Amino acid sequence: MEGIKTIAIDGPSASGKSSVSKGVAAELGFIYSDSGALYRGVTWQAIRKGVDPQDAAAVTECMLSAEWSFFVQDGAAIFSIDGDIPVQELRGKDVRESVAVVAAIPEIRRFVVESLQSLANFGSLVMEGRDIGTVVFPDSPYKFYLDADPEERAMRRYRELVAAGEDEKAHEVLDSLKKRDQIDATRKMDPLVVAPGAQVIDSTAMTLADVIKTVVDAVKKGDTK
Ligand code: DC
């Protein structure tokens, strides 16, 4: 693991973490990892097996009995579950509505955190999530917390959903985002908080390119310290 770097990018829903993390990974030649996709994968697996996402024991059992494989494709760390690679499926409404509940189950978090940590075996990573700087890679010297006003985040998410052909209403997206923020920030295990030592970036009035540059510059500067 000598020379492997992990860049932690945390923040609430639709704070721009994905676009920023992908941009930073491309610029630095690092592997991009979306930790939320794994919580979504567990949720998707439960739903497709007919398991109630509210039933923590059943979701845990379903997750543990599945076969998970992790690999790198096109610069991103991805996974298969029982041989299937879910991508668009992870963005569906059913998964979106249940994932915060599933992500609050301690056994699920333990499994996901260990899986995420093992991705560093593939090489240097830019990982986005909620607890990357606090729990997954707490020793990383490269921690960032992205934020933006809830209204701005809801508009970004709404535009994404409409572009993906989903039939959504802007006020419902804002309500659902606030609800998820609330669950993420108040759950007992690993709530969303700013990691000690993280650089906070408020992207409300920043362009994507500006945010990427802020992170890349900070990482490069950190290297010369
Ligand atoms: O980033 P996202 O919307 O794909 O995250 C999906 C859910 O998973 C969301 O409720 C927050 C949770 N999550 C988490 O608890 N910890 C992470 N590191 C990433 C996501």
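All figures in this text were calculated on a predicted structure; none of them were measured in a lab. Just follow the structure's listing: the first ligand is 1, and inside any ligand the first atom is 1.
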For [atom], what is the closest protein heavy atom, and at what distance to 0.1 Å?
atom: atom 18 (N) of ligand 1; value: Asp131 OD1, 2.8 Å
atom: atom 19 (C) of ligand 1; value: Ser35 OG, 3.3 Å
atom: atom 10 (O) of ligand 1; value: Asp184 OD1, 3.2 Å
atom: atom 8 (O) of ligand 1; value: Tyr39 CB, 3.7 Å
atom: atom 16 (N) of ligand 1; value: Arg109 NH2, 3.2 Å

Distance (rounded to the nearest 0.5 Å) between Asp10 CG and Met127 CE:
10.5 Å
Atom pair CG/CG of Leu116 and Leu125 - distance to nearest 0.5 Å
9.5 Å
Nearest non-hydrogen atom to atom 14 (C) of ligand 1 belongs to which of Arg180, Arg130, Lys179?
Arg130
For [X], take its heavy atoms, then give the atoms of ligand 1 lying under 4.0 Å from any of them.
X: Ala103; answer: 8 (O), 12 (C), 15 (O)
X: Gly129; answer: 18 (N), 19 (C)
X: Gly36; answer: 4 (O), 5 (O), 19 (C), 20 (C)
X: Ala100; answer: 10 (O)
X: Arg40; answer: 2 (P), 3 (O), 4 (O), 6 (C)

Check whether the side chains of Ser18 and Glu128 place a donor and an acceptor atom closer than 3.5 Å, and report yes or no.
yes
Taking atom types as modelled and ignoring hydrogens, do the side chains of Thr207 and Asp210 form a donor-acceptor contact shorter than 3.5 angstrom?
yes
Taking [X] for its side chain and [Y] for its backbone only, find out whether a donor-acceptor pair lies under 3.5 Å.
X: Trp44; Y: Val87; value: no
X: Lys143; Y: Val194; value: no
X: Asp190; Y: Asp131; value: no

Glu128 touching ligand 1 at heavy-atom level, < 4.0 angstrom
no
Paired with Arg156, the side chain to side chain donor-acceptor pair (under 3.5 Å) test is passed by just one of Ser203, Ser13, Ser15, namely Ser203
